[in-house]
Structures are given as structure tokens and as C-alpha cells.
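To start, the structure itself, in C-alpha cells.
Quick note on labels: first sequence line is chain A, next is B, and so on, each numbered from 1.
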Amino acid sequence: MNSHSKLEKVETSALELQKNTKALTSVSLNKNKKLKDAGLFALFVGPVLLAFTLIVLIPFFTGIYYAFTDWNGITGAVKWVGLDNFKYIFTKDKQFLDSFKLTTKYTLVAIILTNAIGFGLALLVTQMLKTRNILRTVFFMPNLIGGLLLGFIWQFIFVKGFASIGELTKIPLFELAWLGDANTAFWGIVIVSVWQGAGYIMIIYIAALQNVPQELIEAAKIDGANRWQILRHITMPLVAPAVTICLFLTTASSFKVFDANLSLTNGGPFKSTEMLALNIYTEAFVNNRYGIGEAKALIFFLVVAAISVIQVTYSKKKEVES
Amino acid sequence: MRSRYTGKTFIVEILAIVLGIAFLVPFYYVISNSLKPFADILSNTSALPKVLEFQNYVSAFEKLNYLKVFTNSLIVTIASNVVLVIFCSMAAYMLVRTKKKISHVIFMIFVAAMIIPFQSIMIPLIKTAGTFGLLNSVWGLVIMYLGFGSGMTIFLYHGFIKGIPVELEEAAIIDGCTRFGVFWRIVFPLLKPITVTIVILNSLWIWNDFLLPSLVLQDPELKTIPLATFSFFGQYTKQWDLALAALVMGIIPLLIFFFAMQKHIIKGITSGSIK
């Protein structure tokens with residue numbers, strides 16, 4: 001890396017020397033080259049920058065404006081209403097506050113379970129098992145399928161599959177109407193997302209576990225450490241960076257949950273499982289209150305951005321320490 | 001320690017296999033019931049089908065307009081991947097090789113925008129897209145995927161290109177090759193490993209995406225697989241025989257893709273997550 005950057009420096013200085021000689025010989029040639037460079041830059045960077053501006057930047061900034069208006073998406077008239085939307089959301093919109101609390105609770109439960117199970121699976125399939133490659137595939141497979149289809153698959157499992165298992169085994173847990181009750185429907189969404197996410201997280205933990213040097217484990221064994229002590233004092237500290245990555249990955253994806261929420265419960269029964277993303281969607285595209293929906297979307301953005309900023313500063317700090 | 005297969009390992013193996021089967025149970029229920037007549041789904045949900053009822057698939061295939069929606073999904077996914085790879089690799093290359101402040105600023109904007117959740121901009125996006133005539137068109141959707149995917153894709157290319165020595169390119173320039181030629185003939189082939197990772201990550205995202213196409217594509221002729229499955233479920237609630245067959249047909253392309261690309265997918269996720 002170091003020698004590489006040194007090389008680059010030598011090259012740039014060589015290039016500069018070249019430029020200088022050129023500048024001496026002809027100023028107009030230099031101008032031409034500058035123009036050509038700018039043209040090339042625009043040719044290479046322009047297309048994607050244009051799409052990005054149109055699709056991400058313009059909607060993002062106009063969205064901030066709309067959050068302070070009474071825009072309904074249909075009529076052309078957009079009136080500035082100041083902080084009214086935010087006042088309404090925080091004082092009168094009980095559903096939004098409920099969704100916020102529910103999403104926070106869901107995020108906490110989902111990150112703990114997804115990471116614990118993902119790590120457990122990674123430990124399992126890094127043992128000397130004969131079936132470990134097949135098992136990795138099996139545990140990972142749900143992750144391929146998008147949240148929408150997964151939600152529908154589990155809708156069938158909860159409605160028909162569980163009822164049938166309950167009939168056969170008489171285990172009360174399976175005899176419940178899972179999607180008909182606010183509490184079990186919440187856990188239904190958790191089950192779907194853990195089933196989907198654990199395999200993904202497992203892949204990252206496997207990579208981390210395989211980087212733990214075998215010699216360290218051997219040495220600990222010779223010193224008389226048992227399995228638990230090895231896991232606690234050698235493996236865990238060495239995979240800590242992967243844990244950080246996975247925690248933040250699952251936090252962001254859980255907080256933004258939408259597809260599985262829509263297809264499994266659609267927020268029901270009686271909006272009791274409506275998470276934030278679905279709440280924003282309904283406000284804008286079902287109730288046609290775009291201004292209020294956009295104000296909610298702005299709050300949503302601020303929370304996600306805060307999580308990401310904490311993540312970046314935290315991992316930067318870790319990098320410096322290690 | 002690693003080489004011994006002991007009795008303990010055997011017990012762990014049995015436990016692991018049981019867990020693996022438990023993971024597959026939902027697939028078992030969906031696939032086995034998709035092959036039963038409706039009455040059997042209701043009365044014998046857990047049993048294997050007595051006779052294989054392929055009629056469910058025939059009906060669902062027609063009602064979903066499967067060939068059409070599959071083609072739509074394929075076109076959207078492939079076209080989006082092509083534009084993402086072409087334009088983002090070019091941009092990332094130029095941003096790495098042009099050592100100026102503006103390159104850094106543009107790169108930081110792309111990276112920073114990665115934290116914007118889709119739900120935060122979807123409402124004004126539909127208005128902007130309407131103004132520019134991007135709604136209800138596959139090409140409009142592809143341009144949107146270029147916009148939304150650019151942050152991550154440029155980020156991954158940028159990191160990879162920084163590791164490529166510049167000497168090769170300089171030699172080619174001295175030999176009279178243009179910058180454009182240098183990029184496509186020399187640099188782009190070197191990007192193959194990261195391109196594979198990028199294509200896999202973007203394909204899974206775009207193929208499975210529901211919310212964006214549901215807002216953009218209103219015309220039934222343009223529906224992708226997730227959109228068609230969604231409206232199918234709305235239309236045939238509780239008609240599990242058709243719904244399950246439709247679900248299985250939605251999953252099959254993903255399974256084929258997975259088994260064809262398994263190694264690359266695992267590698268892609270590992271390298272994609274450690275950004």
C-alpha cells in the first residue's frame with residue numbers, strides 16, 4: 001500500500017513535469033487538454049450522476065419541502081403549513097406513535113434473535129460435520145426469497161399448517177389463531193424475518209469464524225480450557241468486528257421492514273401490527289395525505305440516518321483502536 | 001482436534017440435521033399442498049399428496065400470465081444490471097483516477113445517499129417521475145434502479161479500482177489508446193470479480209423488489225413476479241390451491257439462480273457486507 005502510494009506520487013510528479021514542459025511549449029494546447037479532460041469526466045460520471053440526481057436527490061429535497069405542506073397528491077395546490085404536520089403527528093396521530101413503538105420493539109427482538117440464531121448456526125456448520133455444506137445451503141435458502149413471497153408462504157403456514165399440526169399433536173401453541181391476535185401476529189412477523197435473516201447473518205459469521213487462527217484454539221486446549229472457555233475468551237473477542245457489522249445490518253433492515261409486514265398481516269388485526277414503513281405508505285397512498293406522509297417519512301429518515309451515523313463513527317473508532 | 005469424528009460430533013450432526021429439516025418445513029407445506037386438490041388442502045394439510053394434481057399449476061400459470069410476468073421480471077433485472085454495471089464502473093473509474101476535489105465530493109454524495117431509506121423519498125419520487133414521464137414504463141423503472149443502486153455499486157467499484165495499479169493504463173496511453181479504450185479494454189476486464197458480486201447482490205434485490213415497481217408499473221401488462229403474486233393473492237384469497245402453485249412458480253427461478261451461482265453468491269455476500 002505504502003510503496004504503491006509512493007509510486008503514484010512519483011508518477012503524478014512525472015506527469016506534472018510533462019505538463020509543465022507542455023505548458024512552456026504551448027499554452028493553448030494545455031487549455032485544449034483541460035477541456036478534453038473535463039469532457040471525459042462528464043462522459044464517464046455524467047450518466048449515473050444524472051439518474052441519481054433525478055431519482056434520489058431531487059425527490060429527497062422536494063420531500064423535505066412537502067413535509068411542511070398540505071399536499072394531497074391530486075390537486076395542484078400545495079399550501080405551506082409550517083410545523084402543523086409534525087404537531088398533528090406527535091399530538092393527534094396515535095397510530096403513528098403506536099407504529100413507532102411497535103417498530104422499535106420489533107427491531108430489538110429481531111436483531112437479538114437473528115444474530116443469536118445466525119451465530120449459533122455458524123458455530124454449528126463450522127464443526128466437522130459431514131453434512132455441513134448441505135446445511136449451509138439449507139439455512140441460507142430462505143434468504144433468497146423476497147419478503148413479499150415469504151410473507152405469503154408463512155400466511156399459509158400460520159393459517160393452515162399450524163392448525164393442522166395443532167390438530168395432530170394437540171400442542172396448544174399450534175392451535176392458536178396466530179394472525180388473528182395482535183400479540184401472536186407480531187411474533188409471526190418476527191419468525192418470518194428471523195427465518196429469512198439468520199442464514200444471511202450466518203454467512204458473515206462463518207467467514208469470521210474461519211479467520212480465527214486454529215493455533216490459538218489448540219494452545220488453549222493444551223492449557224486445559226474447555227469448549228465454553230474457548231468460545232467465550234478466544235472465539236468471541238476475535239469475531240467481535242463481525243458482530244458489530246451484523247448488529248447494524250440487522251438494525252437497519254429490521255427498522256425498514258415492509259414487504260413481510262404487508263403480505264403476512266397487512267397491519268392487521270385492526271392496525272395492531274402496522275410498522276412504520278407500512279404506516280407511511282398507507283398515509284400517503286391509501287389516505288392520500290401526502291404532506292403528512294412525507295412528514296412521517298422525514299422523521300423516519302432522521303432515525304435511520306442517526307443509526308447509520310452511529311454505526312459509521314463506531315466502526316471507525318474500532319478501526320483506530322485495532 | 002479438527003480431524004476426529006467422535007461420538008459427540010455425531011450427536012451434534014443429528015441435532016443439526018433436525019434443525020435443517022425444521023428450516024425446510026415451510027417449503028414442504030407449500031410444495032406438497034400446491035399439488036393437492038382444494039379439499040385435500042383443507043382436510044389433510046400435513047400429509048403428502050395422494051395423487052399429484054398438476055391442474056393447480058396449469059390454472060395458476062394461465063391466471064398469473066406467468067410467461068409474461070416472468071419475462072417482465074427478467075427484462076427489468078437484466079436491463080437494470082447492465083446499466084448499473086456500465087455507468088457505475090465508468091463513474092467509479094473516473095472518480096478514482098481524477099485526483100481532484102470534485103471527485104471526492106461526488107463520491108461522498110453517492111455514499112452518503114445510501115442511508116436514505118426508500119420510504120423517505122417514494123412519495124415525491126412518484127411526482128418527479130411523473131413529470132419526466134418515467135411512470136408506467138419499464139425503462140423508467142430501469143432508470144430508477146440505476147439511481148437507487150448507484151450508491152452501493154459505485155462504492156464497491158471504487159474500493160476495487162483503488163487497488164488496481166495505474167501503470168498498465170499509462171503504458172496503453174503511450175501506445176496511443178484513448179481513455180475510453182483504456183477503460184473498456186484494460187480496466188473493465190480486471191473488474192470481473194467485483195462485477196460478479198455486484199450483479200448478484202443487485203439481481204436478488206431487483207428481482208424480489210415489490211414496493212418500487214408497485215408504485216411505478218400500473219399497467220397489468222408490465223407486472224413483474226412479485227406484483228403479479230400480490231394481486232393474485234388479493235384476488236384469490238383462501239383459494240390456496242391456486243395461490244400455492246403461484247407461490248412455487250415465484251420461487252423456482254430464484255432456486256435455479258441460486259444453485260447455478262451458489263459459490264459466487266456466498267462469496268458476494270461475504271465481500272459485500274464488509275464494506
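- Contact of L254(B) with chain A is made through backbone and side chain together, with heavy-atom distances under 4.5 Å.
- For F258(B) and F140(A), the gap between ring centers is short of 6.0 Å.
- Among residues at least two apart or in separate chains, there is no side chain to side chain donor-acceptor pair (under 3.5 Å) pair with a member in residues 243-254 of chain B.
- Contact of S263(A) with chain B is not made at all, since no heavy-atom distance falls under 4.5 Å.
- The parts of L149(A) that come within reach of chain B are both its backbone and its side chain, each placing non-hydrogen atoms under 4.5 angstrom from that chain.
- For K130(A), the parts lying near chain B are the backbone and the side chain together; criterion is any non-hydrogen pair under 4.5 Å.
- Proximity to chain B (any heavy atom under 4.5 Å) is shown, for L40(A), by both the backbone and the side chain.
- With respect to L204(B), the side-chain contact (heavy atoms from CB on, under 4.5 Å) criterion is satisfied by exactly one of N143(A), I145(A), L144(A): L144(A).
- By the side chain to side chain donor-acceptor pair (under 3.5 Å) test, Q239(B) is found to be paired with no residue, residues two or more places apart in sequence or in another chain being considered.
- With ring centers used as reference points, W195(A) lies under 6.0 Å from F27(B).
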Practice item. Report the C-alpha distance between F87(B) and V45(A) in whole Å, list the side-chain angles of each, state the deciding distance to 0.1 Å, and finish with yes or no for side-chain contact (heavy atoms from CB on, under 4.5 Å). Key: CA-CA 8 Å; F87(B) 293 123; V45(A) 182; over 6 Å; no

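- In summary, the side chains of Q127(A) and T9(B) do not present any donor paired with an acceptor at a separation below 3.5 Å, with no hydrogens or angles considered.
- At a 4.5 Å heavy-atom cutoff, I21(B) makes no contact with chain A through either its backbone or its side chain.
- Contact annotation for Q155(A): both backbone and side-chain heavy atoms come within less than 4.5 Å of a heavy atom of chain B.
- The contact between Y93(B) and chain A is made entirely by side chain atoms (from C-beta outward), counting heavy-atom distances below 4.5 Å.
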Exercise for review: Would you please test W71(A) and I123(B) for side-chain contact (heavy atoms from CB on, under 4.5 Å) and show each step?
Suggested key: CA-CA 11 Å; W71(A) 185 35; I123(B) 304 168; 3.9 Å; yes

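- Only the side chain of L124(A) comes within less than 4.5 Å of a heavy atom of chain B; its backbone N, CA, C and O stay farther away.
- Using a 4.5 Å cut-off between heavy atoms, F233(B) contacts chain A through its side chain alone, with no backbone atom that close.
- For chain B, no part of F255(A) is nearby; none of its heavy atoms comes within less than 4.5 Å.
- Both the backbone and the side chain of L19(B) come within contact range of chain A, judged by heavy atoms closer than 4.5 Å.
- Heavy-atom distances place the side chain of L168(A), and not its backbone, under 4.5 Å from chain B.
- For chain B, the nearby part of Y66(A) is the side chain; its heavy atoms alone come within less than 4.5 Å.
- No part of T53(A) comes within reach of chain B, as not one of its non-hydrogen atoms sits under 4.5 angstrom from that chain.
- Looking at L135(A), the atoms closer than 4.5 Å to chain B (heavy atoms on both sides) all sit in the side chain, from C-beta outward.
- Within the 4.5 angstrom heavy-atom criterion, atoms from both the backbone and the side chain of T229(B) approach chain A.
- Ring pair F44(A)/F183(B): centre-to-centre distance below 6.0 Å.
- For L134(B), the part lying under 4.5 angstrom from a heavy atom of chain A is the side chain only.
- Interface remark: I307(A) contributes no atoms to any contact with chain B (heavy atom separation under 4.5 Å).
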